[in-house]
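Order of appearance sets the numbers: ligands from 1, and atoms from 1 within every ligand. Note that the coordinates shown come from a computational prediction; the quantities given were computed from them, not determined experimentally.
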Amino acid sequence: MGIVEAKDLTYEYIRRDEEGNVEGITRAVDEVSFHIQPGEFIAILGHNGSGKSTLAKHINAILYPTEGTIWVDGMDTQDEKQLWNVRQTAGMVFQNPDNQIIGQVVEEDVGFGPENMGIPTEEIWQRVEESLRAVGMYQFRKYSPNKLSGGQKQRVSIAGVLAMHPKCIVLDEPTAMLDPNGRKEVIRAVRGLNQVEGVTVILITHYMEEIVHADHVFVMDQGKIAMEGTPREIFSQVDRLQDLRLDVPQVTLLAYELQNRGLPLPDGILTTEELVQALGL
Ligand code: ADP
Ligand code: MG
């Protein structure tokens, strides 16, 4: 069984008036099915309102399906007895690092999760050290989080999740509030978790350049998975991506235009380096 599996997952937000009568229903996730294997790096793309966050909240049992089922490491998230196991197996990192850091000192913040799980003190310190090293923040362990940049804070949030030894981390637009440098730092840390620590990563983003290293990409539109494939398969469908209101990277667009004008280039150019090589320069 996969680490995360969904079958016909559907979620509806229901708006009610003061008397409790239903005013409207938004189907935010619409009969979605997928399998994610342990150790995979999955990227989920989609414009605003396409249902990415609603889907992500199901993986961490913050929301439960209106219809259909989602399993995390074989556990049905609707099984109340498994709630804490589900949450510990699939950790979640959100957009705003300021809402996620509660400790006065970095290392203390990272230790909160394992402490709440009842992990013995000595092991907590070991986990804090390992987690901070994994995201490149160990040298900042004695800092006050409010002295850190956005990218550094976000890496501390990731370390906090990592210290709970999750099998899977879901990151919901973790770079949306960061400057380009912060974005790179966070993406590098996330890749490290996946490649070095073997953690399954589900990265939600609307920055296409962040999906280059993913094993598999889902593109969401109106609550459905509208496209899926490797980054190259996705990037080679420029017209379709633009239909789905996604910003295709400049270099991919340029390669696509050159191809349309008859230049023999491979499909789905993702980086400047690839274009330079394909042009034989
Ligand atoms: P994304 O993360 O891709 O931007 P969301 O999952 O946040 O998408 O939203 C999907 C749809 O559900 C949108 O139409 C949004 O307006 C609606 N929605 C999201 N959160 C709520 C909520 N708390 N109450 C009602 N509707 C919501
Ligand atoms: Mg969202």
Side-chain angles (χ1 to χ4, degrees), residues 4-34 36 41-70 72 77-78 86-87 90-100 150-151 153-154 157-158 161 168-178 182-183 186-187 190 201-211 214 216-229 231 234 237 240-249:
V4 184
E5 286 197 31
K7 175 125 193 2
D8 303 328
L9 179 68
T10 296
Y11 187 83
E12 290 175 342
Y13 291 102
I14 298 177
R15 280 191 312 283
R16 293 176 190 275
D17 64 14
E18 283 128 42
E19 276 101 57
N21 301 313
V22 175
E23 274 189 321
I25 295 178
T26 304
R27 190 172 266 234
V29 175
D30 193 4
E31 294 191 28
V32 163
S33 300
F34 58 81
I36 295 174
F41 184 153
I42 302 292
I44 303 181
L45 277 175
H47 65 83
N48 278 341
S50 57
K52 303 181 299 296
S53 294
T54 305
L55 175 62
K57 286 175 184 160
H58 281 81
I59 303 174
N60 195 233
I62 299 171
L63 293 177
Y64 301 101
T66 307
E67 282 167 49
T69 314
I70 181 160
V72 171
T77 65
Q78 296 197 77
V86 167
R87 294 208 172 144
M92 184 114 182
V93 176
F94 297 92
Q95 208 173 80
N96 188 342
D98 290 320
N99 298 342
Q100 298 174 79
K153 281 186 204 168
Q154 199 57 300
S157 313
I158 295 170
V161 172
C168 172
I169 295 190
V170 184
L171 304 107
D172 190 357
E173 301 199 21
T175 62
M177 305 185 77
L178 307 181
R183 296 218 298 263
V186 166
I187 295 301
V190 169
V201 167
I202 301 174
L203 173 69
I204 298 176
T205 182
H206 57 239
Y207 295 112
M208 290 246 219
E209 61 273 20
E210 295 182 354
I211 71 162
H216 202 77
V217 182
F218 298 142
V219 183
M220 288 194 72
D221 184 52
Q222 294 183 34
K224 290 193 179 288
I225 296 178
M227 293 171 80
E228 67 175 288
I234 298 294
Q237 300 175 58
R240 180 96 176 95
L241 290 170
Q242 289 181 328
D243 282 348
L244 297 173
R245 291 181 274 157
L246 289 164
D247 295 320
V248 180

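- For a distance threshold of 2.8 Å, the protein N, O or S atoms nearer than that to the Mg ion (ligand 2), listed by chain and number, are Ser53 OG.
- Put simply, the side chain of Ile158 reaches to within 4.5 Å of the side chain of Leu171, judged on heavy atoms.
- Residue Ser50 approaches ligand 1 through these ligand atoms, each under 4.0 Å from one of its heavy atoms: 1 (P), 3 (O), 8 (O).
- Ligand 1 places these atoms under 4.0 Å from at least one heavy atom of Asn48: 4 (O).
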**Prompt:** How far apart are the C-alpha atoms of Thr205 and Leu45, what are their side-chain angles, what is the distance that settles it, and do they pass the side-chain contact (heavy atoms from CB on, under 4.5 Å) test?
**Reply:** CA-CA 6 Å; Thr205 182; Leu45 277 175; 4.2 Å; yes
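- Atom 23 (N) of ligand 1 is flagged as protein-proximal [any protein heavy atom, distance under 4.0 Å].
- Only the backbone of His47 comes within contact range of ligand 1, with a heavy atom under 4.0 Å; no side-chain atom does.
- Under the 3.5 Å distance criterion, the side-chain polar atoms of Glu209 are left unmatched by any main-chain donor or acceptor of Pro249.
- Counting only heavy atoms from C-beta outward, the side chains of Ile204 and Ser53 never approach each other to under 4.5 Å.
- Among Ala28, Gly24, Ser53, the residue whose heavy atom lies nearest to atom 12 (O) of ligand 1 is Ala28.
- In this structure, atom 14 (O) of ligand 1 lies nearest to the protein heavy atom Thr26 CG2, 3.7 Å.
- Under the 4.5 Å side-chain criterion, counting only non-hydrogen atoms from C-beta, Tyr13 is in contact with Thr54.
- The nearest protein atom to atom 1 (P) of ligand 1, hydrogens excluded, is given as Gly49 N, 3.5 Å; this is a heavy-atom distance.
- Taking atom 5 (P) of ligand 1 as the reference point, the nearest protein heavy-atom neighbour is Thr54 OG1, 3.7 Å.
- With hydrogens left out, the protein atom closest to atom 3 (O) of ligand 1 is Lys52 NZ, 2.8 Å, a heavy atom.
- For Thr175, the side chain to side chain donor-acceptor pair (under 3.5 Å) criterion is met by Glu210, not counting sequence neighbours.
- Of the protein's non-hydrogen atoms, Gly51 N, 3.1 Å is the one closest to atom 8 (O) of ligand 1.
- Using modelled atom types, one side-chain atom of Gln154 and one backbone atom of Phe94 make a donor-acceptor pair closer than 3.5 Å.
- Looking at atom 27 (C) of ligand 1, its nearest protein heavy atom turns out to be Tyr13 CD1, 3.4 Å.
- Nearest approach of Asn60 to Arg87, heavy atoms of both residues: O-NE, 3.1 Å.
- Under the 3.5 Å distance criterion, the side-chain polar atoms of Lys52 are matched with a main-chain donor or acceptor of His47.
- Using cut-offs of 30° and 60° for the angle between ring planes, the Tyr11 and His58 rings count as perpendicular.
- Considering every non-hydrogen atom in both Thr66 and Glu12, the closest pair reads OG1-N, 2.9 Å.
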